Amino acid sequence: MSMKPLPFKINKAIKKIGVKKSETAIVGDQFFTDILGGKAAGIKTVWVDMIQPETQLSFRIKRKIERLITKKLKWGVQ
């Protein structure tokens with residue numbers, strides 16, 4: 001899904017497949033796109049660990065920032 005975390009694209013996708021927001025959840029491994037996008041669209045989110053470790057420096061930096069933010073918000077994965 002492109003243009004995450006903008007909620008209008010997520011809402012458009014929900015409408016297109018014909019489900020209610022209350023029946024929908026976004027499952028993702030990226031806080032800044034998947035989780036914030038789902039929260040901005042007003043749907044449930046499930047944040048999971050990535051299957052394969054990121055190798056690019058930009059992803060590693062982003063993961064560290066995600067951990068700092070979620071620790072402050074107490075959203076961290078146990």
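Given the structure is predicted, the values throughout are model-derived calculations rather than measurements.
Side-chain contact check for Lys64 versus Leu68: every heavy-atom pair is 4.5 Å or farther apart. In this structure, the side chains of Phe32 and Ile69 come closer than 4.5 Å at one or more pairs of heavy atoms.
Note that the CD atom of Glu23 and the CD1 atom of Ile17 stand 9.5 Å from one another [nearest 0.5 Å]. To the nearest 0.5 Å, atom NZ of residue Lys21 and atom CD1 of residue Ile43 are 7.5 Å apart. The structure places NZ of Lys39 at 8.0 Å from CZ of Phe31, a figure rounded to the nearest 0.5 Å.
Between Ile10 and Ala41 the shortest heavy-atom distance is CG2-CB, 3.8 Å. Taking each heavy atom of Asp34 and Ile26 in turn, the nearest pair found is O-CG2, 3.6 Å. Contact between Lys20 and Ile14 at its shortest, heavy atoms only, is C-CG2, 4.5 Å.
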